[in-house]
Amino acid sequence: MFVSDCLSINEKGNLAIGGCDTVELAKEYGTPLYVFDENQIRKNCRDYIKSIEDNYNGNGLVIYASKAFSCLEMCRICASENMGLDVVSGGELYTALKADFPAEKIFFHGNNKTKQELEFALANGVGRIIVDNLTELEMLNNLANEQGKTAKIMFRIKPGIDAHTHSFIRTGQIDSKFGFALETGEAMEAIKLAKIMKNVELCGVHCHIGSNIFEVEPFELAAKVMVEFIAKIKQETGIEIKELNLGGGFGIKYLSSDEPVAYGDYMGRVAKVVNDTCKKLSVAIPKILIEPGRSIVGSEGITLYTVGNVKEIPDIRTYVAVDGGMTDNPRYIMYQSKYEIMCANKANEPKTKVVTVAGKCCESGDLIQEDAKLQEVESGDIVAVLSTGAYNYSMASNYNRIPRPAAVMVNNGKARVIINRETYDDIITNDV
Ligand SMILES: *Cc1c(COP(=O)(O)O)cnc(C)c1O
């Protein structure tokens with residue numbers, strides 16, 4: 001019934017997460033509040049790891065894409081679950097290192113890494129740098145030379161598959177700012193260049209075809225294209241590619257009606273394509289890496305708000321204004337993302353109203369959800385927005401000088417703060 005197993009309704013009729021009453025959490029920690037369930041996050045990590053072990057005889061690695069939700073505690077949880085970590089900026093890398101995440105299991109992505117970021121990554125012994133373009137390749141080779149190191153790299157490849165949420169297209173020439181194109185020969189050119197460079201070691205190839213994908217076919221097709229490319233590399237350059245990173249992008253339940261593919265099904269079908277294509281083309285099966293972000297944390301986090309006012313505009317709509325908005329969840333204003341909402345302190349009551357949940361920013365588009373079903377609410381009620389674990393805190397801003405909310409992690413009925421609520425002093429901290 002719920003979007004995640006960590007959610008339930010308790011004996012008081014309140015929404016609970018990980019055994020904690022959300023109304024009590026709101027009281028204790030204030031709102032808006034992000035709440036995450038540790039057990040379910042850890043279970044997701046373990047399910048992925050088991051699934052990759054089952055399907056690739058243990059020759060695989062699951063890498064958490066930390067841009068979905070990055071903070072020290074999340075990095076620590078991933079480290080303790082033996083995950084790898086994907087970072088896309090110096091700031092995410094810094095967070096991982098400060099959490100003592102093992103540097104050799106960090107994968108550094110990004111389409112425009114700066115010189116400082118690359119130097120920082122090299123100096124700290126980041127496991128793999130996923131090189132996006134020739135300018136970066138050259139810069140990295142030079143920087144590694146200066147530091148007397150060899151940078152272990154993968155190449156970001158555009159496999160020519162454009163996956164949207166409910167469909168995908170295979171295009172001849174994909175329009176993307178990320179990576180090297182296959183069909184123009186650009187990718188092969190990069191491989192040949194890397195081969196003669198002294199301070200880079202080519203370890204693998206990478207692709208990432210999109211996000212919140214509900215179909216398996218685009219992943220199967222991408223895997224096939226990538227293995228074919230590995231065979232071509234061997235043929236043309238003699239290089240045996242040992243690692244194939246197939247990226248993330250697995251869909252999650254935002255609505256109870258969403259039906260994402262189970263990890264095992266996805267992994268089994270893609271593994272069959274990888275194994276069959278390798279056999280057919282006589283290449284050794286590479287180590288398989290995957291990079292889930294959203295599907296590790298997305299459904300395992302919620303946001304709690306307090307209702308301020310309810311504005312009924314006769315025959316038009318009812319606005320329920322809450323104490324957060326686009327500053328803590330910009331996904332609706334950016335993508336019109338669907339969410340399930342409920343009144344946390346009336347969770348047992350039927351949803352009899354259709355309302356628009358509005359934020360508090362000076363921006364008409366600052367909405368959390370339009371025309372959504374909700375219980376009859378009044379000022380002081382707690383509204384929960386479900387499946388906000390991914391790309392909410394990590395996309396939050398201080399627009400209107402609104403402090404970012406706190407985040408708490410719950411585990412079997414116990415809660416702990418993992419990110420403090422920002423203060424007004426935090427807001428002016430860099431002002432001169
Ligand atoms: C964003 C991203 C991911 C994670 O995507 P999800 O949809 O959150 O699973 C993985 N790899 C790369 C390179 C990314 O940019």
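Counting starts at 1 for both ligands and their atoms, following the listed order. Worth knowing before you read on, the calculation uses all heavy atoms, side chains too, and leaves out hydrogens, waters and symmetry mates.
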**Message:** Going by ring pair (Phe, Tyr, Trp, His ring centres under 6.0 Å), name the residues that satisfy it together with Tyr263, two or more places apart in sequence or in a different chain.
**Reply:** Tyr48
**Message:** Test of understanding: with ring pair (Phe, Tyr, Trp, His ring centres under 6.0 Å), list the residues that count as partners of Phe2, not counting sequence neighbours.
**Reply:** none
**Request:** For the pair Lys224 and Glu228, find out whether any cationic side-chain nitrogen is under 4.0 Å from an anionic carboxylate oxygen.
**Result:** yes
**Item:** Residues lining ligand 1 [heavy-atom distance under 4.0 Å, listed by chain and residue number]
**Value:** Ala65, Lys67, Asp86, His109, Arg156, His206, His208, Ser211, Gly248, Gly249, Glu291, Pro292, Gly293, Arg294, Tyr391
**Message:** For the residue pair Asp426 / Thr429, report whether a side-chain donor-acceptor contact shorter than 3.5 Å exists.
**Reply:** no
**Message:** Tell me which pairs pass side-chain hydrogen bond (donor to acceptor under 3.5 Å, both in side chains) where either residue lies in residues 273-292, with sequence neighbours left out.
**Reply:** His109-Glu291, His206-Glu291, Asn245-Glu291, Lys272-Asp276
**Message:** So if I apply the side-chain hydrogen bond (donor to acceptor under 3.5 Å, both in side chains) rule between Arg404 and each of Asn420, Asn398, Asp328, which one comes out positive?
**Reply:** Asn398
